[in-house]
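Quick notes on the structure that follows.
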There are 4 protein chains.
Amino acid sequence: MIPRLLALALLAGSALAQNVVHYTTTIDNVKYVFATAEPVTRLKSGDILDTNTLDCFGNVLRKPGDTLSMVKGDNPLAGPFYVDGAEPGDTLAVKILDLQVDGNTGVGAFSPGFIDHASNAATFKALDSDFSVKIPLHPFFGCMGVAPAEGEARSSVVPAEFGGNMDSPEASVGNTVYFPVNVKGGLLYIGDGHAAMGDGEIAGSAIEVPLKARLRLTVIKGRTISWPQFENDDAIMTVGAYRPLDDALRIAFTELVHWIRKDYGLSEFDAYELLSQVGRIHLNEMVDPNYVVVASIEKKYLPPKKP
Amino acid sequence: MIPRLLALALLAGSALAQNVVHYTTTIDNVKYVFATAEPVTRLKSGDILDTNTLDCFGNVLRKPGDTLSMVKGDNPLAGPFYVDGAEPGDTLAVKILDLQVDGNTGVGAFSPGFIDHASNAATFKALDSDFSVKIPLHPFFGCMGVAPAEGEARSSVVPAEFGGNMDSPEASVGNTVYFPVNVKGGLLYIGDGHAAMGDGEIAGSAIEVPLKARLRLTVIKGRTISWPQFENDDAIMTVGAYRPLDDALRIAFTELVHWIRKDYGLSEFDAYELLSQVGRIHLNEMVDPNYVVVASIEKKYLPPKKP
Amino acid sequence: MIPRLLALALLAGSALAQNVVHYTTTIDNVKYVFATAEPVTRLKSGDILDTNTLDCFGNVLRKPGDTLSMVKGDNPLAGPFYVDGAEPGDTLAVKILDLQVDGNTGVGAFSPGFIDHASNAATFKALDSDFSVKIPLHPFFGCMGVAPAEGEARSSVVPAEFGGNMDSPEASVGNTVYFPVNVKGGLLYIGDGHAAMGDGEIAGSAIEVPLKARLRLTVIKGRTISWPQFENDDAIMTVGAYRPLDDALRIAFTELVHWIRKDYGLSEFDAYELLSQVGRIHLNEMVDPNYVVVASIEKKYLPPKKP
Amino acid sequence: MIPRLLALALLAGSALAQNVVHYTTTIDNVKYVFATAEPVTRLKSGDILDTNTLDCFGNVLRKPGDTLSMVKGDNPLAGPFYVDGAEPGDTLAVKILDLQVDGNTGVGAFSPGFIDHASNAATFKALDSDFSVKIPLHPFFGCMGVAPAEGEARSSVVPAEFGGNMDSPEASVGNTVYFPVNVKGGLLYIGDGHAAMGDGEIAGSAIEVPLKARLRLTVIKGRTISWPQFENDDAIMTVGAYRPLDDALRIAFTELVHWIRKDYGLSEFDAYELLSQVGRIHLNEMVDPNYVVVASIEKKYLPPKKP
């Protein structure tokens with residue numbers, strides 16, 4: 001038996017033993033397509049990445065008078081980050097260890113919003129009346145994705161099988177994001193931080209912010225997935241990014257049924273019936289060219305994971 | 001200061017002062033369309049209705065060997081209940097005071113499920129493997145609606161502006177449901193009880209149960225709405241029931257923006273921006289001919305209600 | 001051998017032998033829902049019906065200054081016409097023998113248009129510039145349908161399985177329209193004449209006209225169909241009336257494949273492959289709550305009809 | 001006045017004066033993405049291109065026993081062809097002068113089909129019964145497109161703003177296809193020949209064939225378009241390639257209204273009203289990830305083109 005303090009020390013030791021790679025993202029090294037490109041840095045599987053991202057406008061809208069004409073491109077991306085050993089058919093796991101708003105300013109659809117780190121809240125200010133209200137921060141990456149398959153180079157605006165502009169609040173601290181590996185090294189890209197967002201992002205933007213991030217990147221050899229997935233201690237979650245919403249939902253649920261069958265051993269038939277009673281749907285956004293839906297089930301409703 | 005017991009007595013007294021109308025629903029007095037029809041009973045605005053509903057199969061599937069050929073029609077409805085003073089252009093408010101599963105048996109998409117009142121849970125049993133799990137009960141009406149406008153008679157299977165087969169878990173204890181009044185008396189119908197349901201109801205049915213219900217029916221004169229709405233102490237919620245999902249969402253958000261503008265005084269512009277940051281979407285079902293979505297906002301993010 | 005003149009005389013005789021039922025439609029006897037209602041007249045299977053329909057505004061917009069506030073209801077319907085012997089499960093065949101614009105005025109989305117019977121053309125006049133052009137007349141019924149199944153009463157605006165506001169240019173002279181019989185007598189309704197219409201009816205209305213019509217109504221015992229169909233000497237055609245367009249198309253093609261299999265003996269597999277090479281799609285309208293598509297195949301590509 | 005024979009001679013002379021560029025496409029020089037890539041050959045604006053394309057399987061399915069595992073990639077493309085002077089914001093016009101099936105074999109969804117050049121027909125043979133029928137040839141390019149904007153590289157399977165896998169029977173002899181120029185030289189790609197195709201291509205493939213083609217490529221300086229267009233002596237046509245069908249249609253009609261306003265001088269309002277009376281819709285395909293629709297109007301219904 002290991003005393004608890006010793007166990008913690010060992011865990012800390014294991015963390016210290018991990019390699020930490022630092023990379024600074026600036027407007028001069030961002031990308032605007034998910035594609036096979038020269039990596040900005042390389043990591044070993046299990047390494048920790050300390051980096052930062054610019055907001056969806058490249059951090060250029062900072063004071064009254066700044067206009068969209070100053071923006072060089074939508075959703076500038078940090079990366080690509082190459083992970084040794086990742087090959088087509090593998091899965092890349094990205095555990096989000098820490099995520100902080102990088103600065104005090106967020107940009108909304110129509111107006112800037114101030115971020116108060118002390119109260120961990122952003123402030124919504126009405127334009128047409130005298131009303132303001134605090135909104136709790138929930139920082140997440142609007143864009144996370146990898147190089148697409150078959151030689152495609154895809155815009156940082158349209159989410160798809162490779163991830164991309166998913167605008168999923170699930171891309172936040174404590175969750176692991178899984179991506180299909182399509183090319184050697186996987187080639188992860190991240191960006192488009194959001195400080196808080198309503199379901200559907202219906203006015204077309206959330207509270208847009210630069211982020212500081214700490215991630216652990218791990219290659220899972222031989223696990224093949226078709227669409228991005230999320231997981232945490234409590235739930236498994238699948239992404240459907242398509243158009244119209246009906247089809248995004250069909251994708252997300254089909255992937256979830258497959259996951260339950262494969263890892264938890266229920267038949268497809270039983271998985272559908274169980275999801276019909278306890279499944280959850282989170283509509284992330286309905287304003288990008290492809291809409292994004294996350295389907296999920298709490299692990300407490302599942303059989304033990306197969307060994 | 002009022003002692004707690006006295007307060008309860010006063011509340012009970014206030015309840016006692018209200019008229020309570022009892023009505024027993026059986027397979028012989030149910031309806032299968034939402035339409036203008038002879039009322040089964042009449043209430044005054046503010047009266048309490050004590051009644052019961054049959055499950056979506058008319059309570060006929062009760063033991064092994066019972067088959068769908070025994071079912072007389074889908075979603076048999078209790079009602080219509082006539083409320084004095086309700087006229088086209090008014091709103092009918094239905095506060096759900098109590099809702100209990102009526103019996104010990106629920107019927108799933110593919111198999112019966114047993115309801116355990118002691119643990120307040122239903123049991124999911126896999127058919128293809130040896131696995132079962134308890135699911136907490138959340139009883140609600142799958143069908144709630146009123147007589148449609150312009151002389152239509154509409155099936156109890158397809159939800160629309162008049163409500164109907166919305167399969168909204170929001171139709172549960174503590175919530176008030178609002179309906180547009182299209183004909184004299186409003187003519188409320190209820191049925192299709194569910195003991196628990198996953199988002200989307202993707203296998204086509206939830207855990208189907210008969211219900212015992214206590215409702216308060218109130219006419220709101222001169223308040224005109226286009227689609228059903230929900231409300232409780234914490235949130236306001238609007239329904240979109242259409243096809244495809246994109247359009248159901250557009251309806252729900254448009255109605256929510258209108259409600260915020262009308263009752264809480266934000267401009268449409270500000271309401272959209274606020275919803276883009278804190279709005280919520282609950283996809284109720286995507287298996288009926290029209291899909292149902294509930295959009296909502298917590299009241300804590302809104303200005304005080306206009307007097 | 002029969003001389004041609006004699007043959008014509010025999011045909012005429014056969015026509016003369018048919019019973020002709022006359023019925024005059026006015027604003028006082030029209031209906032606004034497809035429903036089970038008291039028939040305005042009864043015919044025997046094979047009888048000819050001579051009647052007329054009002055335009056979609058009830059013929060009230062006739063001169064400058066007439067406004068929509070004068071309109072009592074959209075798409076007033078002539079009927080219902082009861083056909084002896086029609087029972088649920090049968091098919092009602094309506095052959096359109098003659099169809100004439102009844103008067104000299106058509107109403108467009110934004111302006112009246114004049115019908116010139118001599119040149120058989122309507123005139124389009126631009127509002128914002130000095131341009132006009134002649135459009136050949138192709139009169140057809142925007143609304144044709146029967147009483148729906150299961151006690152429903154359905155608006156004359158929304159097309160569905162029972163027909164209704166299909167806005168199909170295929171509902172014109174020379175074509176036979178088939179409807180499922182849902183109630184005793186079938187109960188045919190017609191209305192909403194169009195003088196000419198572009199595919200999709202994208203501005204929301206065609207050239208709206210009253211019509212004079214001659215139809216032959218025949219009951220086909222024991223032939224059961226799910227959706228309306230068209231047929232003429234050259235082609236068989238199926239209707240899908242749903243939302244979104246994708247689903248309307250799936251319905252139309254599924255019905256066409258079934259028809260080919262049942263009456264012409266190709267397997268479903270072969271029917272799909274053949275339609276993938278010579279099938280035709282006609283998008284009728286995309287502005288009503290349900291969209292309407294007609295899928296068709298020319299008979300010259302089909303095997304001989306099964307006896 | 002010029003005698004007719006002399007005029008013909010002058011026309012022939014003008015044709016002879018045009019430069020003709022020959023290029024032979026083989027499995028070794030095809031591409032699988034629309035992207036910025038090294039041109040295979042360069043032409044001057046107005047030059048004629050004589051070339052050939054492989055079928056959608058790269059010409060490898062040629063005899064019984066050949067299987068899909070032999071296919072290296074879907075829709076191999078000839079090109080890219082660079083046209084001098086084409087710059088972003090210009091339009092590339094591709095007039096299809098001649099198009100011939102290159103060989104005697106076509107491949108259907110489930111089976112090969114034989115092409116008979118003498119009767120200019122393909123033969124459909126049922127698999128499940130003893131039936132065959134001749135189908136007239138209408139050869140066209142399933143794939144025509146240019147390099148996309150903003151550095152994207154897009155699969156040869158998904159049609160979009162840059163053209164691509166449009167499966168438009170309008171891409172045939174006598175028609176001119178217009179593309180937006182997104183990069184220097186335009187970079188035209190062609191492929192995926194079809195010998196005949198039903199509307200919607202509902203079984204997922206037409207009669208797939210290699211083609212021999214003669215095209216004239218012309219740069220139109222300063223004419224900017226957003227989506228591909230077609231034109232011939234009789235009609236102007238616009239493409240919508242999106243998902244779902246409703247949105248493809250909205251794109252096609254919006255583009256057509258803009259074209260009519262810009263080149264023919266009708267207001268948007270009048271253009272919509274006119275299209276609602278004489279517009280045409282051709283649904284090309286509904287089986288690729290984006291669906292393709294062509295909206296059109298005959299020139300005889302339009303005012304004279306603005307000078």
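Throughout, a chain's letter reflects where its sequence line sits, starting with A, and its residues are numbered from 1.
For B:N284 (side chain) and B:V293 (main-chain N/O), no donor-acceptor pair under 3.5 Å exists by modelled atom type. A donor-acceptor pair is defined here as one N or O able to donate and one able to accept, closer than 3.5 Å; such a pair exists between the side chain of C:T238 and the backbone of C:A252. In this structure a side-chain-to-backbone donor-acceptor pair under 3.5 Å is missing from B:K262 to B:V257. In terms of modelled atom types and a separation under 3.5 Å, the side chain of B:D90 and the main chain of B:A86 share no donor-acceptor contact. A donor-acceptor pair under 3.5 Å links the side-chain atoms of C:K31 to the main chain of C:G79, judged by distance alone. A donor-acceptor distance shorter than 3.5 angstrom exists from the side chain of B:T91 to the backbone of B:R223, with no hydrogens or angles considered. Formation of a donor-acceptor pair under 3.5 Å by the C:E208 side chain with backbone atoms of C:D55 is not found in this model.
With a 4.5 angstrom heavy-atom cutoff, B:D247 touches chain C only via side-chain atoms. Neither the backbone nor the side chain of C:P148 comes within contact range of chain B; no heavy atoms are under 4.5 Å apart. In this structure, the portion of B:Y242 lying under 4.5 Å from any heavy atom of chain C is its side chain and not its backbone. Interface residue B:E150: only backbone heavy atoms are found under 4.5 Å from chain C.
The contact list for residues 157-170 of chain B toward chain C, using heavy atoms and a distance under 4.5 Å, is empty.
One side chain, C:Y23 or C:N29, offers a donor N or O that lies under 3.5 Å from an acceptor on the other.
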